[in-house]
Enquirer: 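Input: one structure, supplied below.
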Amino acid sequence: MKTIIAANWKMYKTRAEAAETGRDLASRLQSLKTDRMVLVFAPFTAIAAAADELRPFAAVGAQDVYPALEGAFTGEISPAMIKDCGAEWVLTGHSERRHILHESSDFVGQKTAFALKEGLSVMLCIGETLAEREAGQLERVLSSQLEPALRDLPKDILADRFAIAYEPVWAIGTGKVASESDIAEAHGMIRNLLSKFLGSVAGSIPLLYGGSVKPANAPAILKLDNVNGLLVGGASLKAESFSQIVTA
Ligand code: PEP
């Protein structure tokens with residue numbers, strides 16, 4: 001399976017800034033000639049600018065999607081609109097949406113299923129809070145976030161166009177990286193839950209780790225069992241640090 005290194009630009013970068021970082025990153029990726037898959041999740045307004053600069057060295061994704069074709073959903077963005085801007089991927093269930101915007105696992109599940117059915121590739125983010133971890137709830141939380149997203153989905157779609165990012169909430173943007181044993185334990189648990197829900201296709205779904213990944217800690221995390229890539233927030237905003245992670 002190809003290793004995926006993904007950038008989450010969150011709510012940063014105007015069109016001009018996205019184009020500038022995209023241009024810088026594309027020229028670095030061109031000389032790196034990596035066989036890793038590089039993805040950039042840009043804000044909606046900067047998707048087209050980023051995609052124009054990054055193609056063909058990296059694919060671009062949106063950071064959210066609404067689960068309807070079109071309609072009276074003020075402020076929302078459909079899968080067709082995302083594809084129209086040049087994105088092929090979408091993130092669902094990022095912890096900032098679950099916790100700041102109170103998105104439920106059921107709603108995240110609807111978004112995941114709808115985006116896949118409409119032809120986007122989806123990276124579903126899951127992860128526990130510190131309180132849940134300390135209460136021994138890790139497996140229950142991961143299972144309750146996975147199950148609504150995987151219900152009723154054709155298995156061939158999941159094998160080709162689906163990835164999961166494990167991002168412990170307490171490690172996102174905090175500088176606190178989960179320990180190598182915490183990451184290996186959670187990724188093993190997720191692989192087992194996927195087998196329980198999906199059967200043999202579980203082995204072909206990439207599992208990424210996210211949470212304060214930097215050029216210095218990326219190589220060790222990528223060596224862990226069941227880690228097939230990284231989702232990077234803060235350290236992805238500059239092409240220099242992100243391209244160091246791409247080759248970590
Ligand atoms: C993220 O936004 O998904 C993330 C992991 O952020 P950071 O790398 O800044 O912790």
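Counting convention: from 1, in listed order, for ligands and their atoms alike. These numbers were taken from a predicted model, which means no experiment stands behind them.
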Enquirer: Decide whether an N or O pair under 3.5 Å exists between Gly211 and ligand 1.
Expert: no

Enquirer: Taking OH in Tyr12 as the centre, count heavy atoms belonging to other residues, nucleotides or ligands within less than 6.0 Å. Is the count above 12?
Expert: no

Enquirer: For atom 8 (O) of ligand 1, what is the nearest protein heavy atom, given as residue, atom name and distance?
Expert: Gly233 N, 2.8 Å

Enquirer: With under 30° as parallel and over 60° as perpendicular, where do the rings of Trp89 and Phe41 fit, or are they tilted in between?
Expert: perpendicular

Enquirer: Between Asn8 and ligand 1, which part of the residue brings a heavy atom under 4.0 Å of the ligand: side chain, backbone, both or neither?
Expert: side chain

Enquirer: Please check whether Leu231 reaches ligand 1 - meaning an N/O of the residue sits under 3.5 Å from an N/O of the ligand, judged on distance alone.
Expert: no

Enquirer: Can you tell me which residue and heavy atom of the protein come closest to atom 5 (C) of ligand 1, and the distance to 0.1 Å?
Expert: Glu167 OE2, 3.0 Å

Enquirer: For Arg15, is the CZ atom crowded, meaning more than 12 foreign heavy atoms sit under 6.0 Å from it?
Expert: no

Enquirer: Could you tell me the residue and atom name of the protein heavy atom closest to atom 10 (O) of ligand 1, and the distance to it rounded to 0.1 Å?
Expert: Gly173 N, 2.6 Å

Enquirer: Quick one about Arg98 and Ser105 (side-chain donor to acceptor, distance below 3.5 Å, no hydrogens or angles considered), yes or no?
Expert: yes

Enquirer: Are Asp225 and Arg191 ion-paired here, with the side-chain N under 4.0 Å from a carboxylate O?
Expert: no

Enquirer: May I ask whether Ala171 has any heavy atom positioned less than 4.0 angstrom from an atom of ligand 1?
Expert: yes

Enquirer: Taking the side chain as everything from C-beta on, heavy atoms only, tell me whether Leu101 gets closer than 4.5 Å to Asp64.
Expert: no

Enquirer: Is it the side chain (CB and beyond), the backbone, both or neither of Ser236 that lies under 4.0 Å from ligand 1, heavy atoms counted?
Expert: neither

Enquirer: Check this for me: Glu20, atom CD, are more than 12 non-hydrogen atoms of other residues, nucleotides or ligands nearer than 6.0 Å?
Expert: no

Enquirer: Considering only the protein, which heavy-atom contact is closest to atom 9 (O) of ligand 1, and what is its distance?
Expert: Gly234 N, 2.8 Å

Enquirer: Got the closest protein heavy atom to atom 1 (C) of ligand 1, with its distance?
Expert: His94 NE2, 3.3 Å

Enquirer: Calculate, to the nearest 0.5 Å, the distance between atoms CE and OH belonging to Met81 and Tyr66 respectively.
Expert: 12.5 Å

Enquirer: Would one find an N or O of Ser212, backbone or side chain, under 3.5 Å from an N or O of ligand 1?
Expert: yes

